[in-house]
Amino acid sequence: MIRNDIRNIAIIAHVDHGKTTLVDQMLRQAGVFRQNQQVRERVMDSGDIERERGITILAKNTAVHWGDAKINIVDTPGHADFSGEVERVLKMVDGVLLLTDSFEGPMPQTRFVLKKALDLNLPVLMVINKVDRADARSAEVVDELLDLLIDLEADVEALERPVLFVSARQGTATTDLDVKGTDLKPLFEAILHHIPGPECDPDGPFQTLISTVDYNEYVGRIGVGRIQRGSLRVQEPLVRVNHLKPEVRDTFKVTELSVFDGLKRVNAEEVSAGDIMAISGLEDLNIGDTVCTPAQVESLPFVAIGEPTVSMTFSVNDSPFAGREGTYVTSRHLRARLYKETNTDVSLHVQDGETPDQFIVKGRGELHLSVLIETMRRQGYEFQVSRPEVIYHEENGKKLEPIELLRADVPAVAAGAVIEKLGRRRGILKSMAGQDRVRLEFSVPSRGLFGYRNEFLTDTRGEGIMAAVFEGFEEYRGDIPRRNVGALVCHETGETTQYGLFGAQERGDLFLGAQTPVYAGMICGQTGRPGDIVVNVCRKKHVTNTRNSAAAEDSMRLVSARAMTLEECMEFIDDDELLEVTPVSLRMRKRQLDHALRARAESRAKKA
């Protein structure tokens with residue numbers, strides 16, 4: 001049977017197209033908030049990192065009531081690096097809202113998530129957001145979306161469904177561009193009319209697939225999933241089974257059962273087929289597990305998650321400053337934390353490294369791994385990481401590398417510089433359109449994008465928009481030049497002085513200011529040409545009883561140091577360098593701290 005009192009939908013889109021803002025307005029207009037209640041913007045972005053960066057990282061559930069129906073909504077991430085979150089939550093829903101910016105149109109991630117939805121035969125409702133923008137081109141974007149649906153071989157019904165024109169910030173929706181919307185009623189009605197209710201078997205033996213895992217210190221792990229068949233009450237016995245490990249079966253009792261209502265989880269005595277519910281009672285419940293009744297144990301297949309494309313080596317911090325700033329510093333702490341992350345992040349792979357204090361961490365991209373690093377350092381962990389490296393494949397004796405589809409929207413005057421830079425990085429220009437602003441589409445190796453974002457923003461004077469999504473593996477395209485500048489390396493351990501930094505700043509750009517603790521082998525800046533330079537930034541001025549003129553002292557002024565973010569540090573470090581990460585500091589350093597030993601190794605490498 002089909003339950004008409006429930007709709008389970010996911011909102012999918014490219015990053016920054018307005019998913020979370022739209023959910024805010026849907027919650028407000030459905031009466032979740034009191035009329036005078038003060039609610040912060042992007043209320044679904046609950047994590048500190050999500051709010052700081054303005055992106056959604058974890059998929060989150062909420063629910064609203066409209067008429068006689070309950071609409072369960074899943075807000076999903078838009079960045080390609082977190083697409084694993086989108087892939088798995090699509091198993092929980094019966095339809096999707098595809099949100100597209102009225103100016104940018106379909107972007108690489110739009111194509112990716114739409115293909116995943118169509119592969120699962122989910123009905124798609126197209127929503128054009130930000131129609132109130134001065135530069136909106138809504139009619140053209142509709143044509144681009146229809147072309148995309150045809151290209152992905154969508155059925156006729158997908159092409160015939162109405163397109164909604166929405167302003168998420170103003171909370172309005174309309175099906176006709178010539179008629180200005182007043183509220184989101186047309187959107188809610190379109191969801192109820194065009195997205196079917198869940199098809200389910202309420203009288204069969206209970207079965208559900210766990211798609212998301214949450215944690216509460218009082219009840220432990222909480223599994224979230226949609227009930228495929230049957231009903232469930234608190235304290236009923238259940239069996240956990242996984243289709244990848246059918247021999248592992250655990251029996252447990254339901255200790256807590258809840259459903260989503262607004263922004264809260266509400267305890268429920270009973271849930272039935274079609275509901276999205278949260279369940280607790282098993283300590284090691286994981287994503288991809290099937291929970292069913294002992295009378296009929298059957299596992300459900302879990303959606304295949306795309307493979308990781310980038311790897312980094314996490315290791316115990318062994319610098320001279322090790323253990324000063326972190327709470328968790330041992331390999332045991334580091335190992336436990338990394339493997340714990342794999343329970344909730346299905347796109348992340350972790351394996352032991354060559355030595356007991358090293359771990360190979362594989363993810364979907366630089367941002368995926370940088371968010372993990374930032375989360376761990378905020379939790380008190382101290383460790384060091386290597387430069388990100390792409391993961392190669394071997395097939396029929398050929399070396400294959402991950403390729404990304406990159407779309408860039410740039411001013412016409414900057415198009416030549418972008419094409420030239422990406423050409424050096426083995427990018428292939430696939431299409432080019434536009435006059436004042438040019439839309440470029442490239443096929444680029446993933447390794448060619450390492451460290452490119454800052455160059456891109458410089459070349460486009462901050463006006464360019466760039467987005468990329470994993471496309472597949474292709475034959476290795478050849479070498480790409482590494483970093484074309486050297487590093488300024490500290491000569492000795494101590495504290496930086498104004499006198500020492502003044503002498504070093506003539507050699508390049510500094511990353512550190514005065515009175516900063518440093519150690520020998522630590523990177524304090526970059527040179528303007530290839531090759532490292534060892535500088536003494538701790539040097540003190542020789543003191544005599546002869547006073548310098550005021551003019552001589554005033555002339556010793558430092559250029560402002562360039563503060564490096566986590567992503568910039570990850571992009572800057574080379575193969576022979578490491579990034580030391582602590583809750584307080586980010587320090588780049590050479591793998592071999594001793595200058596003499598490093599010079600000998602370089603000499604041997606040149607002779608070889």
Side-chain angles (χ1 to χ4, degrees), residues 49 57-58 81-82 84-85 213 215 221 244-245 284 286-288 305-394 401-402 446-447 450 470 521 566-567 569-593:
I49 299 178
I57 295 172
L58 299 173
D81 284 19
F82 307 107
E85 291 278 318
V213 169
Y215 181 80
R221 294 176 76 81
L244 296 175
K245 301 175 183 176
D284 59 344
N286 285 325
I287 293 168
I305 301 297
E307 296 181 35
T309 58
V310 177
S311 73
M312 294 178 74
T313 301
F314 285 53
S315 57
V316 173
N317 186 15
D318 61 359
S319 81
F321 292 171
R324 291 188 182 184
E325 300 168 349
T327 306
Y328 308 106
V329 298
T330 66
S331 60
R332 179 174 59 85
H333 287 134
L334 185 59
R335 187 180 196 279
R337 178 64 183 82
L338 290 173
Y339 278 97
K340 179 184 175 185
E341 188 70 20
T342 61
N343 292 335
T344 53
D345 189 345
V346 291
S347 301
L348 194 77
H349 294 184
V350 178
Q351 64 189 58
D352 293 346
E354 297 177 357
T355 61
D357 62 348
Q358 287 186 349
F359 306 94
I360 310 298
V361 181
K362 301 176 182 179
R364 282 288 184 90
E366 282 182 288
L367 182 63
H368 185 197
L369 295 176
S370 73
V371 167
L372 171 63
I373 293 169
E374 182 64 34
T375 303
M376 289 176 62
R377 71 181 291 225
R378 292 186 184 203
Q379 293 171 348
Y381 287 85
E382 181 178 313
F383 52 96
Q384 57 191 19
V385 296
S386 68
R387 174 192 176 102
E389 295 286 346
V390 299
I391 300 171
Y392 297 105
H393 282 201
E394 195 80 27
E401 66 173 336
S446 297
R447 61 196 168 95
F450 290 168
F470 174 67
L566 174 60
E567 280 82 9
C569 290
M570 289 170 59
E571 291 174 358
F572 182 81
I573 58 175
D574 215 333
D575 294 333
D576 65 335
E577 296 163 356
L578 296 170
L579 172 60
E580 180 185 346
V581 180
T582 78
V584 180
S585 310
L586 295 170
R587 302 185 185 97
M588 293 178 287
R589 50 159 288 190
K590 290 292 182 180
R591 285 181 186 268
Q592 176 55 259
L593 299 177

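Of the inter-residue distances, the one linking Glu307 atom CD with Arg364 atom CZ reads 9.5 Å to the nearest 0.5 angstrom. Annotation: the span from Leu367 atom CG to Glu567 atom CD amounts to 6.5 Å, rounded to 0.5 Å. Put simply, OG1 on Thr309 and CD on Glu401 are 11.5 Å apart, with the number rounded to the nearest 0.5 Å. Within the model, atoms CE of Met570 and OG of Ser386 stand 9.0 Å from one another, a figure rounded to the nearest 0.5 Å. Put simply, OG on Ser319 and CG on Leu578 are 10.0 Å apart, with the number rounded to the nearest 0.5 Å.
Counting heavy atoms of neighbouring residues, nucleotides and ligands inside a 6.0 Å radius, atom CZ of Phe321 exceeds 12 of them. Residue Lys590 qualifies as enclosed at atom NZ: its count of foreign heavy atoms under 6.0 Å is above 12.
Closest of all the heavy-atom pairs between Val329 and Gly323 is CG1-CA, 4.2 Å. Shown here for Val316 and Leu334, the closest heavy-atom pair between the two residues is N-CD2, 4.1 Å. Across every non-hydrogen atom of His368 and Gly363, the tightest pair is ND1-CA, 3.5 Å. The minimum heavy-atom distance linking Val371 with Thr375 is given by the pair O-OG1, 2.7 Å. The minimum heavy-atom distance between Gln384 and Glu580, with the atom names listed, is CB-CA, 4.1 Å. The heavy-atom pair separating Pro583 from Tyr381 by the smallest distance is CD-O, 3.6 Å.
In this structure, His349 and Thr342 have side chains that are not in contact, with every pair of non-hydrogen atoms separated by 4.5 Å or more. The shortest side-chain heavy-atom distance between Arg377 and Leu586 falls under the 4.5 Å cut-off. By the 4.5 Å heavy-atom criterion applied to side chains, Leu593 and Pro320 are counted as neighbours.
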Q) Going through the checks in order, is the salt bridge (charged side-chain N to carboxylate O under 4.0 Å, His left out) test met by Asp575 and Arg591? A) CA-CA 9 Å; Asp575 294 333; Arg591 285 181 186 268; over 6 Å; no
Q: Give the intermediate values and the outcome of side chain to side chain contact (heavy atoms under 4.5 Å, CB included) for residues Glu341 and Val350.
A: CA-CA 9 Å; Glu341 188 70 20; Val350 178; over 6 Å; no
Q. Can you check side chain to side chain contact (heavy atoms under 4.5 Å, CB included) on Leu579 and Leu566, steps first, answer last?
A. CA-CA 9 Å; Leu579 172 60; Leu566 174 60; 3.7 Å; yes
Q: Would you sort out whether Leu372 and Met376 count as a side chain to side chain contact (heavy atoms under 4.5 Å, CB included), showing the intermediate values?
A: CA-CA 6 Å; Leu372 171 63; Met376 289 176 62; 3.9 Å; yes
Q | Criterion side chain to side chain contact (heavy atoms under 4.5 Å, CB included) on Ile373 and Phe314, from CA distance to verdict | A | CA-CA 9 Å; Ile373 293 169; Phe314 285 53; 3.6 Å; yes
Contacts table for residues 354-361: side-chain donor-acceptor under 3.5 angstrom, sequence neighbours left out:
unit_1: Thr355; atom_1: OG1; unit_2: Asp357; atom_2: OD1; d: 2.6

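For His393, the ring-ring contact (aromatic ring centres under 6.0 Å, His included) partners two or more places apart in sequence, or in a different chain, are Phe473.
Judged as a salt bridge (Lys or Arg N to Asp or Glu O under 4.0 Å), the pairs with a partner in residues 314-332 (not counting sequence neighbours) are, in order, Asp318-Arg589, Glu325-Arg587.
Remark: the Tyr339 side chain and the Asp352 side chain contain an N/O donor-acceptor pair separated by less than 3.5 Å.
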